[in-house]
Amino acid sequence: MLEIQQLRNDLENVSKTLAKRGFAFPVDAFNSLEAERKTIQTLTQELQARRNTVSKQIGHAKSKGEDVSSILAEIANLGDDLKQAETQLEQIQIKMQHMLLEVPNLPHESVPEGKSEEDNIEIRRWGTPRNFDFKIKDHVSVGEDLGLLDFETAVKLSGSRFNVMTGALARLHRALAQFMLDTHTQENGYTEVYVPYLINSDSLRGTGQLPKFEEDLFAVYAGGHEDKAPNFHLIPTAEVPITNMVRNEIVPLEQLPIKYVAHTPCFRSEAGSYGRDTRGLIRQHQFDKVELVHIVHPEKSYDALEQLISHAEMILQKLELPYRIMTLCTGDMGFSATKTYDIEVWLPAQSTYREISSCSNCEAFQARRMQARFRNTKGKPELLHTLNGSGLAVGRTLVAILENCQNADGSVSIPTTLRPYMGGIEKMSIL
RNA sequence: GGAGAGAUGGCCGAGUGGUCGAAGGCGCUCCCCUGCUAAGGGAGUAUGGGGUUUAUAGCCUCAUCGAGGGUUCGAAUCCCUCUCUCUCCGCCA
């Protein structure tokens with residue numbers, strides 16, 4: 001959520017900046033609502049002040065045993081007038097709140113302008129894609145030929161966009177998550193957290209998934225009461241529960257920065273994306289991710305973003321998987337971000353780089369929705385800055401290994417760093 | 001799931017219709033006093049809005065005593081709903 005003060009004082013610039021990311025701010029609607037709000041709020045407060053004064057008078061008079069009927073007569077209409085004004089004000093404020101909750105964050109000035117992913121800027125590359133001297137398979141064929149990846153059974157169990165992994169592949173999936181967690185906790189200074197996978201709507205509003213993106217979520221109803229509002233949603237990313245840990249909190253200054261890491265499943269309905277990546281593990285309704293979250297002092301958030309991306313990169317470096325870093329353009333960034341770096345890993349079967357991590361600074365956008373604050377050196381509460389990034393998406397990392405580490409005989413070599421997590425085995429082979 | 005108790009400011013804890021945004025204590029900040037230390041005296045110490053304003057300064061004002069409704073001229077106090085916490089029982093991994 002943007003600061004309403006900023007909208008009042010600097011609407012022209014705000015709306016210009018929002019236009020860069022393809023968002024048309026309803027300037028006229030805002031202005032007229034704001035004018036209405038001002039009138040009604042002033043009126044309401046005047047009536048409230050009057051009521052308070054008169055009530056005190058009555059209190060005084062009664063304690064002296066005086067007659068209060070004349071005072072009561074004088075304010076006979078006050079109650080109705082006040083109630084009417086309060087109702088009006090409330091409706092205006094609800095409208096305003098709705099409007100503001102749907103406005104995305106302002107892109108940082110360093111973010112390149114653009115309309116789509118075509119306009120993202122590559123800022124660096126690491127590693128060299130391997131030359132294969134045989135005809136390579138995509139990850140689906142590699143996994144299925146090994147007999148360890150089974151989409152047909154997943155369809156039977158749940159439907160499309162789910163998967164079943166068995167044996168060494170299931171273990172590799174688990175190994176990846178363990179390896180990522182260990183790296184971030186032991187080398188990068190993160191605190192591991194375990195969080196709920198079912199989350200309430202206040203939390204989803206806090207990080208920006210609601211109210212605008214409900215169709216991307218799965219709703220859960222206790223006892224099958226679909227007629228009511230959902231009790232929970234399944235988390236689309238651990239960013240939601242982790243970041244909301246500081247919702248409505250005032251964090252002591254000395255606890256900053258807070259760096260959390262969690263491994264969770266993520267559930268996305270991806271309602272708008274049918275037809276994209278229908279084959280394979282790239283786009284699933286359920287996938288695992290190791291998520292990194294920073295809760296930081298506002299002056300430190302851009303340094304934190306650089307750290308965050310480097311922590312995510314470290315995983316791919318240790319796995320020796322080639323990747324590139326992209327700065328997302330204004331038009332491709334997520335709702336809550338001011339600046340986002342994507343890490344894209346090399347997928348040889350697609351001869352292209354594909355997103356495997358997304359690291360964003362949200363500045364105070366989420367903190368304002370969540371009222372997540374710290375006490376500054378003057379002792380005053382001030383909004384925190386929040387950042388989140390994948391470190392990494394486990395399923396997509398698995399895809400990258402299956403494709404990049406495949407051999408001519410159909411086997412897949414286990415990256416050296418993962419072998420301790422795999423009981424020392426060096427490859428998965430066709431039996 | 002059943003029975004009961006509870007939720008007040010940074011913390012503890014008063015407060016069952018009026019001058020209560022809230023006693024008292026602790027903590028914290030500033031000042032005074034005391035030749036160190038200890039003790040003592042005084043003042044201050046919530047958050048979010050709105051108006052005014054060059055101003056995140058001041059001043060005026062509104063709201064907030066778990067959340068949301070209601071009664072009333074007036075609610076921390078009365079009524080209703082919900083959430084959460086605690087104790088006991090049952091069930092469960």
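By convention in this document, chain letters (A, B, ...) are assigned in the order of the sequence lines, proteins followed by strands, and residues within each chain are numbered from 1.
- Counting only N and O atoms by type, the side chains of N376(A) and E382(A) include a donor and acceptor under 3.5 Å apart.
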Tell me which donor-acceptor pairs under 3.5 Å the side chains of residues 75-96 of chain A have, and how far apart each pair is, sequence neighbours excluded?
unit_1, atom_1, unit_2, atom_2, d
E86(A), OE2, Q48(A), NE2, 3.0
T87(A), OG1, K83(A), O, 2.7

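- When both distances must be under 3.5 Å, the Watson-Crick or G-U wobble mate of C65(B) does not exist.
- F179(A) and Y421(A) have perpendicular rings, their planes meeting at more than 60° on a 0 to 90° scale where under 30° would count as parallel.
- Donor-acceptor pairing under 3.5 Å is recorded for the side chains of T340(A) and S360(A).
- C59(B) and G51(B) make up a base pair, with Watson-Crick or G-U wobble contacts both under 3.5 Å.
- Looking at heavy-atom distances under 4.0 Å, R8(A) makes contact with sugar-phosphate atoms alone, never a base.
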Under 3.5 Å, which donor-acceptor pairs do the side chains of residues 147-158 of chain A form with other protein atoms, sequence neighbours left out?
unit_1, atom_1, unit_2, atom_2, d
D150(A), OD1, E152(A), N, 3.1
D150(A), OD1, T153(A), N, 2.9
D150(A), OD1, T153(A), OG1, 3.2
D150(A), OD2, T153(A), OG1, 2.4

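- For T183(A), the side chain to side chain donor-acceptor pair (under 3.5 Å) test picks out no residue, with sequence neighbours left out.
- Contact between the side-chain N/O atoms of R373(A) and the OP1/OP2 oxygens of G48(B) is found at a separation under 4.0 Å.
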Mark up nucleotides 18-23 of chain B, 5' to 3', with B wherever a protein heavy atom is under 4.0 angstrom from a base atom, S wherever such an atom reaches only the sugar-phosphate, and - elsewhere.
BB-S--
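- Within the shown strands, G44(B) is the pairing partner of C28(B) under the Watson-Crick or G-U definition, both distances less than 3.5 Å.
- Nucleotide A23(B) forms a pair with no other nucleotide shown, judged by Watson-Crick or G-U wobble geometry with both contacts under 3.5 Å.
- Comparing C20(B) with U8(B), their C1' atoms are spaced 12 Å from each other, to the whole Å.
- Using a 4.5 Å heavy-atom cutoff, the side chains of P241(A) and N244(A) are not in contact.
- The nucleotide U34(B) finds no pairing partner, because no Watson-Crick or G-U wobble arrangement with both distances shorter than 3.5 Å includes it.
- Here A75(B) sits opposite no nucleotide as a Watson-Crick or G-U wobble pair (both hydrogen-bonding atom distances under 3.5 Å).
- Side-chain atoms of S141(A) and R279(A) include a donor-acceptor pair closer than 3.5 Å.
- Looking at every heavy atom in both residues, S203(A) comes nearest to V240(A) through O-CG1, 3.9 Å.
- Scanning for side chain to side chain contact (heavy atoms under 4.5 Å, CB included) contacts around T185(A) gives E192(A), V261(A), with sequence neighbours left out.
- Between the P atoms of C26(B) and G42(B), the separation comes to 12 Å (whole Å).
- Q88(A) has its CD atom 19 Å from the P atom of G50(B), to the nearest Å.
- With both ends at atom P, the span from G66(B) to G25(B) equals 23 Å, rounded to whole Å.
- Nucleotide A14(B): unpaired (no Watson-Crick or G-U wobble partner with both distances less than 3.5 Å).
- Comparing the C1' positions of A75(B) and G21(B) gives a spacing of 14 Å, expressed to the nearest Å.
- Residue Q5(A) is classed as a sugar-phosphate contact, given heavy-atom separations below 4.0 Å to backbone atoms only.
- Comparing G10(B) with A5(B), their C1' atoms sit 26 Å apart, to the nearest whole Å.
- Taking atom P in both G90(B) and G2(B), the straight-line distance is 16 Å, to the nearest Å.
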Base, backbone or nothing for each nucleotide of nucleotides 53-70 of chain B, written B, S, -, heavy atoms under 4.0 angstrom, 5' to 3'?
--------SSS-------
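- G6(B) is paired with C84(B) under the criterion used here, namely a Watson-Crick or G-U wobble arrangement in which both key atom distances are under 3.5 Å.
- Side-chain proximity of L72(A) to the nucleotides G49(B), U52(B), C73(B) is greatest for C73(B).
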